[in-house]
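Residue numbers start at 1 and run along the sequence shown. Atom set for the values below is all heavy atoms of this structure, side chains included, hydrogens, waters and symmetry mates excluded.
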Amino acid sequence: MKTYDVVIVGSGAAGGTLAAHLARTGVDVAVVEGGPKINTRSDFNTHAMPWEFANRQIPRMKAGKQGMDSERARGLGGKSLTWNAVAWRQSHRDFKGKSIEGAGEDWPIDYPDLAPYYEKIEREVGVCGNYDGLRDLPDGIFLPPVPYKCSDKLIDNGARKLGLRTIHVRKATLSRPSFGRPACHFCGNCMAGCDVVAKYNSYDVHMVPALKTGKLELIPNAVVREVVVNSDNRVTGVKFLHRETKAEGEVSGRAVVVSCACVQSVALLRMSKSRLYPGGLANSSGHLGKHFIPHFTGGVEAFLHGLKGTPLKDDEGFLDHAYLPSFMHERKRDYARSFGAQFGYQNRRGVGWARDIPGMGDSYKQVVKANYPAFVVFSPYGEMIPNPKSFIDLDENRKDEFGLPAARRHVWWSDNDKKIFADMQHWSEEILRAAGADILQVYKEPRTNHELGGARMGSDPKTSVVNAQCQTHDVKNLYVVDGSVFPSASEKNPTHTIMALAARVAENIADRMKKGEL
């Protein structure tokens, strides 16, 4: 059986970035993915409409196509195939929030450590955006921003009345042809694949070009159930189950990187029990699974007066074109940390709000038609502060189709979280009202979103799982690279930071390989 230099578990934004960067330096890499190969150009129902299906629900995959069907079996490219591509850099305040505000947890790295890798990613994949000069949202290397939609301009007017500002969204989606890929054609369904790869996905943009090096092998349909560690406290590879046949297999490597995405990475490490690690691999600290800090979202649905009754037109764009950046850090408040907000999302594929409109018959239809161009969703994102009651573990009494224990999420809202939620809902309503909107619905409870934490990065092996290079404290040839290593969340979408971390870790692994340290 061949022994690779590095075995990477997971092929999403982290695994795909890491694999490409390693392969380009001559490191021999295997990527083990639980799902099948997916053709992004033909396998998703990207341009489908609800009325084309009997139950008005659009299946994610076309008939007869496999993939994206469970947490442990998605497809080559992972969740990068179906993300919204929002790409923010974190700031000094995000990396050192505890030192600055006395809440949360500091990272063992700071913005200058990651800035060169943010730039590498931006130059490789293409991120559109504007140069805004914001202290807490660092600028990067940008393609031109996409224009505001009519609804964005109205909301920006409302925000300015309150002394706030919106900015152009920054996305890993091409606003002009670049890197041999076409520009976005604004079909408005970014989270159902991208059939021209204007939007970044790790398979087409990172891994396929890296295959040309001859140093990368992709192993799909392999659901990893264990990372193997030997008596010398070194990982030697992974054991897997074939997604379709359930046959067992193994892949050997000089080093292993777990990049399954937050919860599943924690679950895999917890399943990888041994004599050396009866509580889960790399868990001598007892902190594996702790400090689960998913983003939490609010939400306000509304209709903008300025757009009611206007002619119907194709205004979907690539969903959200504008963003409300964090503005609370410099304001007096009774909680730590902050929030930002995405908004927009007019979409012909989702008009569930019509159920909340009273009436019936022709008059009802006319009201729905008049409100359609005016509908907007305001989605603020808040930062959860780590607390001991939010964690990830395994449910040994509930097994999935592979006979593996289900990952279980425990979420508890602290007083600080509740205060952020209340304030971000308040400001969302205020901005919309200032923009001239009728409020349809205000969400009453926070909802979890981007999943982070559980394998915290830190300098102290007693209170963290990995070090500043995402190398586990316990096993020197085992790394974890995805959102699980975040010590704190910030209010920003995390994928750009995950990719920058992957590029940084690839450089570290390649250097250690050359020195014979792995």
Donor-acceptor under 3.5 Å ([X] side chain, [Y] main chain):
X	Y	value
His450	Asn493	no
Arg181	Val125	yes
Asn477	Arg234	no
Asn387	Trp412	yes
Asn157	Lys153	yes
Ser178	Arg176	yes

**Message:** Classify the ring geometry of Phe318 against Phe186: parallel below 30°, tilted from 30° to 60°, perpendicular beyond 60°.
**Reply:** perpendicular
**Message:** Angle between ring planes, Phe296 versus Trp413, binned at 30° and 60°: parallel, tilted or perpendicular?
**Reply:** perpendicular
**Output field: ring centroids Phe327/Trp427 closer than 6.0 Å** = yes
Please determine whether a side-chain nitrogen of the Lys or Arg among [X] and [Y] lies less than 4.0 Å from a carboxylate oxygen of the Asp or Glu.
X	Y	value
Arg165	Asp132	yes
Lys290	Glu105	no
Asp423	Arg333	no
Glu451	Lys79	no
Lys149	Asp320	no

**Message:** Under the criterion ring-ring contact (aromatic ring centres under 6.0 Å, His included), I'd like the reasoning laid out for Phe391 against His410: C-alpha separation, chi angles, the key distance, then a yes or no.
**Reply:** CA-CA 5 Å; Phe391 60 94; His410 303 263; 4.1 Å; yes
**Message:** Hydrogens and angles aside, do Asn233 and Tyr277 bring a side-chain donor and acceptor to less than 3.5 Å of each other?
**Reply:** yes
Quick check: do [X] and [Y] have side-chain heavy atoms less than 4.5 Å from each other?
X	Y	answer
Ile141	Val127	no
Phe95	Asp113	no
Ser464	His287	no
Val475	Val227	no

**Complete:** Paired with Glu517, the salt bridge (Lys or Arg N to Asp or Glu O under 4.0 Å) test is passed by just one of Arg512, Arg254, Lys476, namely Arg512
